[in-house]
Each structure stands twice: as C-alpha cells, then as structure tokens.
Amino acid sequence: MTKRIVVISDLHCGHLCGLTPPGWQVTQTPEHAGKRAKFGLLQREGWGWYEREIAALSPVYSVVVNGDTIDGRGELSGGAELITTDRNEQNAIAAHCINAWKCKRVNMLYGTAYHTG
C-alpha cells in the first residue's frame with residue numbers, strides 16, 4: 001500500500017505575507033485602507049494556490065511541518081508587518097492551514113527561536 005507524505009515549511013502564519021486562510025485575511029475595509037490593503041490580494045492568491053495543491057495531492061497520509069509555522073511577535077519591526085502579534089492566534093491560523101490537509105498524521109519540527117519564541 002502506498003502512502004503519500006507531504007512536507008511543508010515556513011508558513012509564517014500571522015505575517016502579512018504568510019499563509020493566511022480566509023477568516024484572517026486583510027479585507028478592503030476603511031481600517032485596512034492604504035498599504036496594508038494590498039496584502040489581502042496576496043493572501044487570497046496564496047490561499048487559493050494552497051487549496052489547489054491540497055486538492056491535487058490528496059489523499060495524504062502524513063504532513064511533515066518543517067518549522068516556522070508562525071511569525072512570532074515581530075520585535076524587529078514593532079509588529080508592523082503582522083496581522084496579529086498574538087502567538088496563540090498565530091497558532092490557530094497555522095492549525096487551520098495544517099488541518100486543511102485532513103491527514104491521519106502530522107509531524108512537526110520547531111522553527112527558529114525568533115519566530116516561535
């Protein structure tokens with residue numbers, strides 16, 4: 001019996017340019033006007049690609065997540081590049097991304113201390 005294993009890494013959930021599911025994407029609202037609004041298109045395109053790849057590769061037995069699933073508190077930029085500085089919320093975003101594979105096993109490796117804390 002063949003089992004498919006997928007390796008993903010560097011999701012950087014919580015960053016404006018990280019993998020972002022629809023519930024967390026920047027929208028075209030007055031509070032997101034200006035420079036941040038352009039990231040919504042990038043997030044939608046990235047998520048669309050991710051969903052297409054999941055569909056093309058499914059079914060998957062196991063996903064190996066190779067670090068940096070979240071982006072951390074953004075100390076160097078003062079959090080200006082983040083959707084949220086809350087690492088618990090970033091973890092929820094990452095969990096959504098990983099669970100989208102609907103696989104039986106998930107194996108994870110730690111990321112860098114700057115991102116994971």
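Only this structure's heavy atoms are used, side chains among them; waters, hydrogens and symmetry mates stay out.
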Approximate separation, where rounding is to 0.5 Å, of N66 CG and D10 CG: 7.5 Å

Starting at NZ of K38, measure out to CG of L16 and round the result to the nearest 0.5 Å. 9.5 Å

Do W101 and Y61 meet the criterion of a side-chain donor-acceptor pair at a distance under 3.5 Å? no

Can you check whether V60's main-chain N or O pairs, donor with acceptor, with S58's side chain at less than 3.5 Å? no

Counting distance only, does the side-chain N/O of Y50 pair as donor-acceptor with the main-chain N or O of C97 below 3.5 Å? yes

Test your reading of the model: is there a side-chain donor-acceptor pair from H115 to the backbone of D71, 3.5 Å cut-off? yes

Do you reckon I54 sits in the same ILVMFWY cluster as L57, going by side-chain contacts under 4.5 Å, direct or chained? yes

State, with a plain yes or no, whether a side-chain heavy atom of I70 is found less than 4.5 Å away from one of H12. no

Does W24 reach the side chain of T84, with side-chain heavy atoms less than 4.5 Å apart? no

Look at the side-chain heavy atoms of Ile, Leu, Val, Met, Phe, Trp and Tyr, link any pair under 4.5 Å apart, and say whether W49 and F39 land in one connected group. no

Just by modelled atom types, is the T112 backbone N or O under 3.5 Å from a matching donor or acceptor in the D68 side chain? yes

Are the side chains of I93 and P21 in contact, using a 4.5 Å heavy-atom criterion? yes

V106 side chain reached by M108 side chain, heavy atoms, under 4.5 Å: yes

Can a donor-acceptor pair be found, under 3.5 Å and without considering hydrogens, that links the side chain of R4 to the backbone of S62? no

Would you call R105 and I5 a side-chain contact if the rule is heavy atoms closer than 4.5 Å? no

Q43 (side chain) donor-acceptor with V26 (main chain) under 3.5 angstrom: yes

Heavy atoms, side chains only, cut-off 4.5 Å: are V63 and N107 in contact? no

OH of Y114: more than 12 outside heavy atoms within 6.0 angstrom? yes

Enter the distance from L19:CG to I8:CD1 here, rounded to the nearest 0.5 Å. 8.0 Å

Calculate, to the nearest 0.5 Å, the distance between atoms CG and CD belonging to L41 and Q25 respectively. 10.0 Å

Looking only at heavy atoms, which two atoms of T20 and W47 are closest? And how far apart? O-CB, 3.6 Å

Here the pair of heavy atoms bringing L82 nearest to Q90 is CD1-NE2, 4.1 Å

Where do H15 and C17 come nearest, in terms of heavy atoms and distance? ND1-N, 2.9 Å

